[in-house]
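In what follows, a single structure is set out as structure tokens and then discussed.
Just so it is clear: chains get the letters A, B, ... in the order the sequence lines come, proteins before strands, and each one is counted from 1. Owing to the predicted nature of the structure, the values given are computational and were not obtained by experimental measurement.
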Number of protein chains: 2
Amino acid sequence: MQDRRPPTGESLLFLTDDQLLQGIELMFFAYRGFTSDPDKILQNYTYGRAHHRAIHFVHRQPGTTVNNLLDILGVTKQSLNRVLRQLVNDGLIESRVGERDRRERHLYLTPEGVALESKLSETQRKRMRAAYKAAGPDAVQGFRQVMEHIMDPAMRRHVNTVKRD
Amino acid sequence: MQDRRPPTGESLLFLTDDQLLQGIELMFFAYRGFTSDPDKILQNYTYGRAHHRAIHFVHRQPGTTVNNLLDILGVTKQSLNRVLRQLVNDGLIESRVGERDRRERHLYLTPEGVALESKLSETQRKRMRAAYKAAGPDAVQGFRQVMEHIMDPAMRRHVNTVKRD
DNA sequence: CAATTTATGTCAGTCTTGTTGACTTTCCAA
DNA sequence: TTGGAAAGTCAACAAGACTGACATAAATTG
């Protein structure tokens, strides 16, 4: 027996292959726009997207260890080490030996690191702000819910929590 | 659940730096999850993410030209040409000389190309389907709105339109 | 205390995918 | 018809991922 009802209802339509295809392409194009502004700035440095990511998460979690950063970024330690070495040598990140466990290195942004972080994140915040404003609070709530379900569950704990006053 | 606050609260809260930072990190982690499944499959081939993107958009727009694909993908023609050459040599994409303008190449997936496209997109559709289902139709609508505003406006016309029967 | 594990760093080599530069073929307009 | 623009191709290089092997120091375990 075949159900001949067309999927007109909103509750069914949002799971058609067309909708899913649209979602896939939204991810592609939105991510490209999202990374384009910082990329332009980074071209003036010897840095790339990998450096931006390291700077971002060290800023968000000052004192984080290399291992924690590896978990967040999902790259190999050799890959991360290359960018950290450069950023430490260039004086944007400070690496302090751990007090409790002296094998660990705790990472902090220097004032120069903070300056670059601001410059980079400013462009992305501006883009997000414009998108949020145009879409409205309810849409933002929906955006958040879908995005959290797209990511791997283990990564959710790394996403910034919003302070509710 | 949407918290109902006095006008100043609700209409401003979703534009705090905390919210914007959260949005930035949602983009990062969601995109990483989104690309992880196809990446795993592609490891068994000599192909990478660039090949996936080419296959995806040739599938979506059979007969598209190299130039149109360049506009969509936002890479240099030399970069795109390399992956197209491989895919044509391997018999996944067919390149036909244009009839009206013989400088153009029109691109089509072969049956083998269609097979790989299905295999790759299946994993992404599955992830999107699960996320959409978990978040619900209203959230999906909000997701779509925010994503369309994050991307560069010129790219919106390349996003799949949903057939409403 | 010796052996093992953990955290980090480094060297070497490979792969994908971006880049620029130089080139051919084709079309079109002066 | 000829010179420029457009579409596509080939070659060489660079960034940033990867794996594998190895080193060092510190913590943990038997």
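- The side chain of B:His51 lies closest to C:dT17, out of C:dG9, D:dA5, C:dT17.
- Residue A:Arg103 places none of its side-chain N or O atoms closer than 4.0 Å to OP1 or OP2 of D:dA23.
- When the P atom of C:dT6 is taken as reference, atom CZ of A:Arg100 falls 15 Å away, rounded to whole Å.
- One can place CZ of B:Arg32 at 17 Å from P of D:dG16, the figure rounded to the nearest angstrom.
- B:His158 and B:Gln61 share no side-chain donor-acceptor pair at under 3.5 Å.
- Of the two residues contacting DNA chain D, namely B:Glu104 and A:Val83, the nearest-nucleotide position lying further toward the 5' end is that of B:Glu104.
- At a cut-off of 3.5 Å, with distance as the only test, no side-chain donor of A:His106 or A:Glu99 sits close to an acceptor on the other residue.
- Contact between the side-chain N/O atoms of A:Thr76 and the OP1/OP2 oxygens of D:dC18 is found at a separation under 4.0 Å.
- Out of D:dA26, D:dA17, D:dG8, the shortest distance to the side chain of A:Val75 is found at D:dA17.
- If you take CG of B:Asn44 and P of D:dC18, they are 17 Å apart, rounded to a whole angstrom.
- Nucleotide D:dA26 holds its P atom 14 Å from the NE2 atom of A:His106, rounded to whole Å.
- With values rounded to the nearest 0.5 angstrom, B:Thr65 atom OG1 is found 9.5 Å from B:Asp101 atom CG.
- Counting only heavy atoms from C-beta on, A:Ala50 has its side chain closest to D:dA17 among C:dT6, D:dA17, D:dA5.
- Phosphate contact (OP1/OP2 of C:dT10, side-chain N/O of A:Arg85, threshold under 4.0 Å): present.
- Checking A:Arg102 against A:Lys77, the closest nucleotide of DNA chain D that is more toward the 5' end is the one next to A:Lys77.
- For A:Arg82 against D:dA17, a side-chain-to-base donor-acceptor contact under 3.5 Å is present.
- Summarising the geometry, the separation between CG on A:Asp71 and P on C:dT8 is reported as 12 Å, rounded to the nearest angstrom.
- Within a 6.0 Å sphere centred on CZ of A:Arg156, other residues, nucleotides and ligands contribute more than 12 heavy atoms.
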Could you pull out all donor-acceptor pairs under 3.5 Å where a side-chain atom in residues 26-35 of chain A meets a protein atom, sequence neighbours excluded?
residue, atom, partner, partner atom, Å
A:Arg32, NH2, B:Ile72, O, 2.6
A:Thr35, OG1, A:Tyr31, O, 3.1
A:Thr35, OG1, A:Arg32, O, 3.2

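- A donor N or O paired with an acceptor N or O is found under 3.5 Å between the base of D:dG20 and the side-chain atoms of A:Gln78.
- Proximity note for A:Arg105 (side chain, C-beta onward) versus C:dT8, C:dT10, D:dG8: the nearest is C:dT8.
- The side chain of B:Asn81 places no N or O atom within less than 4.0 Å of a non-bridging phosphate oxygen (OP1 or OP2) of D:dG8.
- Atom pair B:Asn89:CG and D:dC10:C1' shows a separation of 13 Å (rounding to whole Å applied).
- Per the geometry, NE2 belonging to B:His52 stands 17 Å off P belonging to C:dT16, to the nearest Å.
- For the pair A:Leu107 CG and C:dA7 P, the interatomic distance rounds to 15 Å; values are reported in whole Å.
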